[in-house]
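Below is one structure; the comments refer to it alone.
Heavy-atom basis, side chains included; hydrogens, waters and symmetry copies ignored. Proteins get letters first, then strands, A, B, ... in listed order; numbering begins at 1 in each. These numbers come from a predicted model, not from an experiment.
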2 protein chains.
Amino acid sequence: MPQIIIADDHPMVRGALALAVESAFDQPEILECAHLAGVMQLLESIGVADLLLLDLRMPGVDGFEGLVRIRSQFPATPVVVISALEDPRLVREALALGAMGFIPKSTPRAEIVAALVLVAAGGTYRPDDLALAEPAPDPKGRAADDDFLQRVLTLTPQQRRVLQLLGTGKLNKEIAYDLDIAETTVKAHVSSILHKLRVYSRTQAVVMAGRLHLDSFADVAEG
Amino acid sequence: MPQIIIADDHPMVRGALALAVESAFDQPEILECAHLAGVMQLLESIGVADLLLLDLRMPGVDGFEGLVRIRSQFPATPVVVISALEDPRLVREALALGAMGFIPKSTPRAEIVAALVLVAAGGTYRPDDLALAEPAPDPKGRAADDDFLQRVLTLTPQQRRVLQLLGTGKLNKEIAYDLDIAETTVKAHVSSILHKLRVYSRTQAVVMAGRLHLDSFADVAEG
DNA sequence: GTGCCAATTGTACTTTGGTACAAGGGTAAT
DNA sequence: ATTACCCTTGTACCAAAGTACAATTGGCAC
């Protein structure tokens, strides 16, 4: 009897996902959470879940921070990110941070079911694989940002988690606590991150990394 | 013979603005620049211009940094911000940072002319004054951010400039250089900013302030 | 096995960042 | 003119950030 956690702050969404889960698994035990704290608590008590459906936006968590912390504390539990958006960059980043799948809320129920089965079987799922395979060159303008993206991709998984937490303005001490490592280690990671990204302060790294997420809307934001 | 500087990296835009300037002034001397460095150079040589039309997005400057530096170095020259966007928050921030006007590129030529005359006469111009007078409550959700915006509004002009430069990831030393003040002074401002914004590190201030600009697109970015 | 690399941690050190306190000059309002 | 506020700067001190070097562990590949 597989244990599946559904974490989303919207009851309606949880209901819809629950339906899909019931179609995808045989007599699943469905655990619902409306906030990140509940998820952490649940995972602490049951140790490992067979699958975690995680919404990106929940009370207490705005972006990838929840994913980062869960992946760090409970790496054995496969996480599928649920999101209202399906921006390729978000998808790539979620997968880079250790998610086993990325399911936009607009996905047809049948495809959601298939995706859940796929992930449960050890695979990874992302929307319309083809479009993502080629990152869509987009020759105009933002060459500099693409360079930066390339550099971000040279970061190790743990370093990306650190960068993610950096982006929330946390101190080294707080990051160490969240990832359950020594502050020294955080410093080592930060130092390495700064070198790889070719910047000379955490603030710059945050600003640069922040732009990557913004770029999705750059066409709207010109000017 | 009034000296008017038009700073925009797009030749077509410069042309259109030049037409408007010629309609608004009597035999203006129009100086064109495609990048911020040229503007600074020009201002250094002529001292004060009668009007500066400044595009927000130019090579070397992405946001308000150019405005901030120009206002700091050459406060006597009135600046009108030209932008492809007309988000009320951008408008408010530009004016808060010392711009005498904010003209969206979509503005009809006749209105641009009127706006330029208005500013040259010592007034300030913003698009559809009415809509901006009331900041559009927007009761849903983002109460926390509104709180933060309120706090940003308690910052003094100079402190806003510092915050703006903080947002580019600069070191205190660099900010001191840009604003031509001592590093000690920058520290004093930063310290005050952190208190007013109720955060405990520059990085957090940058993250928070960054969200204000993002919020314009929050409806697209849910998830 | 050997080698490579991610991850971890420690020590020790330098540089930024940030606070606290004090103080002088400028401007605007009462 | 007195108050108030902003901007400025200095000194001094403490905390956080970042670097450099060295070492251990574990996984993975050849």
Side-chain angles (χ1 to χ4, degrees), chain A residues 68-69 71-76 96-98 151-209, chain B residues 68-69 71-76 96-98 151-209:
Chain A
V68 166
R69 294 179 57 174
R71 287 298 303 161
S72 169
Q73 297 291 314
F74 309 98
L97 288 171
R151 292 184 210 131
V152 170
L153 294 179
T154 70
L155 297 179
T156 67
Q158 185 76 328
Q159 285 171 355
R160 284 180 197 165
R161 296 188 193 105
V162 172
L163 178 59
Q164 189 59 40
L165 294 177
L166 271 186
T168 69
K170 285 186 193 296
L171 306 177
N172 287 339
K173 195 180 302 182
E174 298 174 303
I175 296 174
Y177 177 81
D178 282 350
L179 297 184
D180 196 29
I181 56 181
E183 186 179 349
T184 317
T185 312
V186 176
K187 283 187 178 184
H189 284 313
V190 171
S191 211
S192 175
I193 289 171
L194 297 185
H195 279 131
K196 286 185 178 176
L197 301 189
R198 298 183 196 170
V199 294
Y200 35 97
S201 80
R202 58 156 72 250
T203 308
Q204 281 209 334
V206 168
V207 172
M208 296 277 109
Chain B
V68 166
R69 295 180 58 176
R71 287 298 304 162
S72 169
Q73 297 292 313
F74 308 97
L97 288 171
R151 291 182 210 133
V152 170
L153 294 179
T154 70
L155 297 180
T156 68
Q158 184 77 327
Q159 286 171 354
R160 284 179 198 167
R161 295 189 194 104
V162 172
L163 178 59
Q164 189 58 40
L165 294 177
L166 272 184
T168 69
K170 285 187 192 296
L171 305 177
N172 287 339
K173 197 181 302 183
E174 297 174 303
I175 296 174
Y177 177 81
D178 282 351
L179 297 185
D180 196 31
I181 56 181
E183 186 179 347
T184 317
T185 312
V186 176
K187 283 187 177 184
H189 284 313
V190 171
S191 211
S192 174
I193 290 171
L194 297 185
H195 279 132
K196 286 185 178 177
L197 301 189
R198 299 184 196 169
V199 294
Y200 35 98
S201 79
R202 61 165 56 229
T203 307
Q204 281 209 334
V206 167
V207 172
M208 297 277 110

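- In this structure, CD of B/Q204 is placed 19 Å from P of D/dA15, rounded to the nearest angstrom.
- Atom CD of B/Q159 and atom C1' of D/dC5 are 11 Å apart (whole Å).
- In this structure, A/H189 atom NE2 and D/dA20 atom P are separated by 17 Å, rounded to whole Å.
- To the nearest 0.5 Å, atoms CG (A/L163) and CG (A/L194) are separated by 9.5 Å.
- Between A/Q158 and A/R161, the side chains place a donor N or O and an acceptor N or O closer than 3.5 Å (distance only, hydrogens not considered).
- In this structure, B/Q158 places its CD atom 13 Å from C1' of D/dT9, rounding to the nearest Å.
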(Q) Walk along nucleotides 9-21 of chain C from 5' to 3' and tag each nucleotide B, S or - by protein heavy-atom contact under 4.0 Å, base first, then sugar-phosphate. (A) BBB----SBBSS-

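- When side chains are defined from C-beta on, A/V199 counts as touching A/M208, because their heavy atoms get closer than 4.5 Å.
- No side-chain heavy atom of A/K170 sits less than 4.5 Å from a side-chain heavy atom of B/Q204.
- Looking at heavy atoms from C-beta onward, A/T185 lies in side-chain contact with A/H189 at the 4.5 angstrom threshold.
- Rounded to whole Å, the distance from CD1 on A/I193 to P on C/dA7 is 10 Å.
- At least one donor-acceptor pair closer than 3.5 Å links the side chain of B/E174 to the backbone N or O of B/L171.
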